[in-house]
Amino acid sequence: MTLAAVLFDMDGTLVDTEDVWWQAVDDIARGLGYRLTERDLPDVLGRPVEHTADHLLRVTGTGRERAALAAELDGRFAELVERDIRPRPGALALLDALRAQRLTTALVSASPRRVVDMVLRVLGRDRFTVTVSADDTARTKPAPDPYLAAARLLGVAPARCVAVEDTPTGVASAEAAGCQVLAVPSAVPIAAAPGRTVLRSLEEAEPALLRSLVPSPR
């Protein structure tokens, strides 16, 4: 078995938007009389907007409708993303190295399509064969649906794919889909495990390493 594709998470992995998402949630939370702390990390980072909206409804006790609050979070995030998008160290170099070796890449994000499209203007749409957003599957991370959808669009088996992720939620999604995982933690630590490799930065990654993560047949 050989590596067929590298499936990249977007937020916190390829672009520095985890801090932007945190700021967006904090802005909306403050409007509800609540300030985020480290206790909120598991319900904010790497989670779909609906999950975070539900979390804010619980901790604030507000009577807001979930859909309206999720739309407000989404809108604030999009505003901040458009103003301040920064690729993570090593991200563009790795993508270009993979393309030079004709390795297929895909973008698999828990962000809505309009945010993905904003980020693609910075990363370069031509660096990815396919892209999957939160709008493209019935369930998003940590469910396996996004990674299964990307593999299906590429016509490859998930077991022949390496998913590059930065959060436990994303790792859970990729592993549930059957992908090998390269984790590059951003805000939340991720431990090494069978089928999972952990690096400190994408600057430490290279095509040869990614190829080595897909086990060869015995």
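These numbers were taken from a predicted model, which means no experiment stands behind them.
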Answer yes or no: is there a donor N or O on one side and an acceptor on the other, between the side chain of [X] and the main chain of [Y], under 3.5 Å?
| X | Y | answer |
| --- | --- | --- |
| D40 | T37 | yes |
| S173 | A143 | yes |
| W21 | V44 | yes |
| R127 | L123 | yes |
| D136 | S133 | yes |

Looking only at non-hydrogen atoms, find the nearest pair between [X] and [Y] and report the distance.
| X | Y | result |
| --- | --- | --- |
| S109 | K141 | CA-NZ, 4.2 Å |
| V132 | P146 | CG1-O, 4.0 Å |
| L154 | A106 | CD1-CB, 4.1 Å |
| L148 | P158 | CD2-CG, 3.9 Å |
| P185 | L199 | CD-O, 3.3 Å |
| L36 | V25 | CD1-CG1, 3.7 Å |

Is there a path of hydrophobic side-chain contacts, each under 4.5 Å between heavy atoms of I/L/V/M/F/W/Y residues, joining [Y] to [X]?
| X | Y | value |
| --- | --- | --- |
| L7 | L120 | no |
| L210 | V156 | no |
| I85 | F77 | yes |
| L73 | M118 | yes |

Taking the side chain as everything from C-beta on, heavy atoms only, tell me whether [X] gets closer than 4.5 Å to [Y].
| X | Y | result |
| --- | --- | --- |
| T62 | L56 | no |
| P87 | D16 | no |
| W22 | L41 | yes |
| L3 | L103 | yes |
| V214 | V162 | yes |

Give a yes-or-no answer on whether the side chains of [X] and [Y] include a donor-acceptor pair shorter than 3.5 Å.
| X | Y | answer |
| --- | --- | --- |
| R113 | T131 | yes |
| E165 | Y147 | yes |
| D145 | T137 | no |
| R160 | T2 | yes |
| Q23 | D27 | yes |
| Q180 | R196 | no |

Quick check for you: to the nearest 0.5 Å, what is the distance between [X] atom [atom1] and [Y] atom [atom2]?
| X | Y | atom1 | atom2 | value |
| --- | --- | --- | --- | --- |
| T105 | F128 | OG1 | CZ | 5.5 Å |
| E65 | E72 | CD | CD | 12.5 Å |
| T17 | L80 | OG1 | CG | 11.0 Å |
| R39 | H55 | CZ | NE2 | 9.0 Å |

Is [Y] paired with [X] through a side-chain N to carboxylate O contact shorter than 4.0 Å?
| X | Y | answer |
| --- | --- | --- |
| E204 | R200 | yes |
| D135 | R114 | no |
| R76 | D74 | no |
| E50 | R139 | no |
| R35 | D26 | no |

Only one of L94, V164, L202 passes side chain to side chain contact (heavy atoms under 4.5 Å, CB included) with L14, and that residue is L202
Check your understanding: Step by step, would you call R86 with V15 a side chain to side chain contact (heavy atoms under 4.5 Å, CB included)?
Key -> CA-CA 5 Å; R86 299 185 302 278; V15 289; over 6 Å; no
Side chain to side chain contact (heavy atoms under 4.5 Å, CB included) between S186 and T13: does it pass, once the steps are laid out?
-> CA-CA 7 Å; S186 54; T13 301; over 6 Å; no
For R47 and T169, what are the C-alpha separation, side-chain angles and deciding distance, and is it a side chain to side chain contact (heavy atoms under 4.5 Å, CB included)?
CA-CA 7 Å; R47 292 289 189 172; T169 301; 3.9 Å; yes
What's the verdict on salt bridge (Lys or Arg N to Asp or Glu O under 4.0 Å) for E203 and R88, showing C-alpha distance, side-chain angles and the deciding distance?
CA-CA 9 Å; E203 293 174 300; R88 298 282 291 174; over 6 Å; no
Derivation and outcome, side chain to side chain contact (heavy atoms under 4.5 Å, CB included), residues M10 and V115
CA-CA 10 Å; M10 186 180 80; V115 174; 4.2 Å; yes
